[in-house]
Each structure stands twice: as C-alpha cells, then as structure tokens.
Amino acid sequence: MDVILQFCINGLMLGMMYALVAVGFTLFFGVLDVIVFSHGDTVMIGAFAGLSMHWWLELFHPGLAMGWRLLWVLVAAIVAVVVVGVIVARFMIMPLRKAPALNTLLATMMLGTVLRESVRLFFPDGSNPKPFPHLLPDWAWQHGNLTLRFDNVILFLSGALVIVLVYLLINKTRLGMAIRAVAQDEEAAQLMGVNFTMIVLATFALGSAVAAVAGVMNGIYYNEINFGVGLLLGAIGFSASVIGGLGNVYGAIAGGFIFAFLQTLGAVALPFSSAFKDVFAFGVVIIIMALRPTGLIAEPSSQRV
C-alpha cells in the first residue's frame with residue numbers, strides 16, 4: 001500500500017507538470033485553431049534559461065539566498081520563453097494563419113528541431129545532460145516505504161497556484177474576456193473592437209509563461225535537464241490536451257492528470273517493467289482518441305447557417 005501511495009504522489013506531481021504543458025497547447029488551439037508542435041521545446045528553453053541564470057548568479061552573487069535564487073531562475077525562464085513565444089506567434093504562426101493547417105504543423109515541427117539543435121550546438125556542452133540546481137529544501141516525511149518530499153509539495157502547490165492564476169485571468173479579467181471572445185468567434189470579436197493581433201500575442205505569452213514554469217519544475221523534480229526533454233514533454237502535453245478536448249483549458253488540466261495516472265498504472269499495476277509505462281499510456285490515449293475523437297470534455301461548437 002505504501003508503494004502504491006508513493007506512486008500516486010509521484011503521479012500527482014507529474015500530472016501537474018503535464019497539465020501546465022497541455023494548457024499551452026489548448027490555449028493556442030482555442031484562439032488560432034493551430035497545433036504548435038514546438039511548444040514542448042519551448043519548455044526545454046525555459047529550463048535552460050533558468051539554468052543559465054543560476055550559473056550567472058553563482059558567478060556574480062554566490063551568497064544569494066535560495067529563495068531569491070529560485071525567483072530569479074523563474075523570472076529568467078519566463079522572460080526567455082515569453083520572448084520566444086511572442087516572436088514565433090508574430091513572425092511564423094500569424095503569417096501562416098490563412099495557409100493550410102498542414103503548413104503550420106510542419107513549420108512548428110521544424111521549429112522544434114531548430115530549437116533543440118540550437119541548444120545542443122551552442123549551449124556549453126549542450127549535447128550532454130546538465131545537472132539542474134536543487135533550489136528547494138530537502139526535508140521529507142517518512143512513514144514505512146512512503147516518503148513525502150517537501151520540495152514536491154511546494155512544486156505541486158506552485159503548479160496549482162499557476163493554474164488558479166490562469167483561471168482567474170481567463171474568467172475574471174478584460175484580457176481573458178477578449179481571449180474567450182476571439183476563441184469563440186474571431187470575426188465578431190474584431191467587429192466589437194478587439195485587437196486580434198494583440199490578443200494572439202498575449203495568448204502566446206500566457207501559454208509560454210506557463211510552459212516556462214513547467215520547465216523549471218521539471219528540472220527541479222528530476223535534478224537534470226537535456227536538450228531533448230521537450231520532445232517527450234511536448235508529446236505528453238499534446239496527448240493530455242487531446243484527452244481533455246483540444247480548446248478546453250479545464251479538459252487539458254484533467255488530461256494531464258489522466259496521463260500521469262496511466263503512467264502510474266503502467267508502472268505499478270501491470271505485469272511488466274515500468275520501462276513500458278509510456279508505451280501503455282500512449283496506447284490508452286490512442287484508444288481514447290478512437291472512441292472519443294473530440295476528447296473527454298468536448299469544446300462546444302456552433303455552425304453558422
């Protein structure tokens with residue numbers, strides 16, 4: 001039982017990270033009806049930007065307190081990823097808005113490769129995994145085989161706080177109202193005075209900022225990052241958004257936890273090695289897509305007649 005509880009706790013932590021990545025996918029799809037396959041690699045950019053800030057602080061401010069160090073690492077990650085996201089939206093996604101969806105899909109896939117290879121080639125020793133600084137206390141509560149790490153609790157609560165902030169921004173602010181208006185009917189929103197370009201850039205900035213937090217969380221959780229980490233995170237985040245229903249933020253959050261639960265089930269309950277947990281999780285996602293093509297929480301749609 002302790003082992004099962006341990007895996008469930010780990011699954012909640014993973015689910016929070018997956019949910020943060022999936023939110024970006026569903027925000028982009030909801031506003032522009034595009035799938036940005038490079039989004040997972042922007043998560044990786046956030047992790048490496050945070051690591052670069054840590055190195056800079058170690059060089060020029062070695063005595064800085066852990067809390068301030070974590071804050072600066074987060075700020076650096078968010079700024080770097082938001083800049084990348086806004087540039088991608090303005091100079092690649094929007095010019096391709098009227099092109100066939102396949103063009104945008106291929107362009108974002110190639111962009112992901114460019115980002116990965118750029119880090120591998122130009123980041124110092126970028127082809128090898130990098131240890132990520134442990135910026136949280138090492139306290140833990142032990143009960144039998146069950147270990148509850150304090151840093152995991154902080155990461156989970158931080159992710160939950162980010163999700164709550166996204167919810168409040170989308171539902172309680174004028175910017176959120178404009179984002180929802182554009183997602184519902186782009187033409188009608190523009191007729192009502194909504195600046196479409198600014199809303200698209202704001203949406204990409206929001207989704208990218210959430211991805212940056214996920215990148216830092218991933219680095220702290222695993223104590224290691226590498227240039228290819230965005231590939232798996234992107235695939236999982238996209239799968240989570242598909243499970244929940246593309247375009248539905250709440251479905252994306254639920255999908256992240258569902259995917260983590262499937263991985264946990266594959267690692268604990270099935271009679272084969274936990275190395276196959278991803279195979280099991282993706283296999284179940286394929287079945288869900290076949291049975292529920294619109295996802296478990298389909299986004300309501302209307303058709304003009």
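Start at 1 with the first residue, then count along the sequence. Quick caveat, the model's predicted, so the values are computed rather than measured.
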Any donor-acceptor pair under 3.5 Å linking the side chain of [X] with the backbone of [Y]?
| X | Y | answer |
| --- | --- | --- |
| Ser208 | Val82 | no |
| Thr203 | Ile199 | yes |
| Ser241 | Phe238 | yes |
| Arg69 | Pro62 | yes |
| Asn226 | Val229 | yes |
| Asp125 | Asn128 | no |

Calculate, to the nearest 0.5 Å, the distance between atoms [atom1] and [atom2] belonging to [X] and [Y] respectively.
| X | Y | atom1 | atom2 | result |
| --- | --- | --- | --- | --- |
| Ile154 | Met217 | CD1 | CE | 11.5 Å |
| Ile236 | Leu231 | CD1 | CG | 11.0 Å |
| Leu155 | Leu12 | CG | CG | 13.0 Å |
| Leu70 | Ile220 | CG | CD1 | 5.0 Å |
| Met13 | Arg149 | CE | CZ | 9.5 Å |
| Phe261 | Leu14 | CZ | CG | 14.0 Å |

Hey, do the aromatic rings of [X] and [Y] have their centres closer than 6.0 Å?
| X | Y | answer |
| --- | --- | --- |
| Trp56 | His61 | yes |
| Tyr18 | Phe257 | no |
| Tyr221 | Phe132 | no |

Is there a path of hydrophobic side-chain contacts, each under 4.5 Å between heavy atoms of I, L, V, M, F, W or Y residues, that connects [X] with [Y]?
| X | Y | value |
| --- | --- | --- |
| Val21 | Ile35 | yes |
| Leu169 | Phe204 | yes |
| Ile258 | Ile286 | no |
| Val210 | Leu175 | yes |
| Phe196 | Leu191 | no |

* Before giving the answer on side chain to side chain contact (heavy atoms under 4.5 Å, CB included), spell out for Phe28 and Asp33 the whole-Å C-alpha distance, their side-chain angles and the decisive distance to 0.1 Å. => CA-CA 7 Å; Phe28 304 153; Asp33 286 341; over 6 Å; no
Is there side-chain contact between [X] and [Y], with heavy atoms separated by less than 4.5 Å?
| X | Y | result |
| --- | --- | --- |
| Val285 | Phe259 | yes |
| Ser38 | Val114 | no |
| Lys277 | Leu265 | no |
| Arg116 | Arg120 | no |
| Asn223 | Pro131 | no |
| Leu115 | Val119 | no |
| Asn195 | Thr197 | yes |
| Val242 | Ser239 | no |

* Please step through side chain to side chain contact (heavy atoms under 4.5 Å, CB included) for the pair Leu206 and Leu27, ending with a clear verdict. => CA-CA 9 Å; Leu206 176 60; Leu27 281 174; 3.9 Å; yes
Considering all heavy atoms, the nearest [X]-[Y] contact:
| X | Y | answer |
| --- | --- | --- |
| Val86 | Leu201 | O-CD2, 3.9 Å |
| Ala211 | His39 | CB-CE1, 3.5 Å |
| Ala49 | Ala77 | CB-CA, 4.0 Å |
| Gly11 | Thr264 | CA-OG1, 3.6 Å |
| Arg90 | Pro95 | O-CD, 3.5 Å |
| Ala252 | Thr26 | CB-CG2, 3.8 Å |

* Asked: Run the side chain to side chain contact (heavy atoms under 4.5 Å, CB included) check on Thr108 and Met92 step by step: do they pass?
  -> CA-CA 9 Å; Thr108 56; Met92 190 179 78; 3.7 Å; yes
* Does atom CZ of Arg97 have more than 12 heavy-atom neighbours from other groups under 6.0 Å away? -> yes
* Asked: Would you find more than 12 non-hydrogen atoms of other residues, nucleotides or ligands less than 6.0 Å from Met94 atom CE?
  -> yes
* Structure fact -> In Phe48, Phe60, Phe123, the residue satisfying ring pair (Phe, Tyr, Trp, His ring centres under 6.0 Å) with Trp55 is Phe123
* Asked: Which ring pair (Phe, Tyr, Trp, His ring centres under 6.0 Å) pairs, counting each pair once, include a residue from residues 145-169, with sequence neighbours left out?
  -> Trp139-Phe150
* Asked: Is there a side chain to side chain contact (heavy atoms under 4.5 Å, CB included) between Leu51 and Ile225 once you walk through the steps?
  -> CA-CA 9 Å; Leu51 178 61; Ile225 58 174; 3.8 Å; yes
* Just one of Val194, Val200, Ile170, Thr173 clears the side-chain contact (heavy atoms from CB on, under 4.5 Å) bar with Ile179, so which one? -> Ile170
* For Arg180, what residues pass the salt bridge (Lys or Arg N to Asp or Glu O under 4.0 Å) criterion, not counting sequence neighbours? -> none
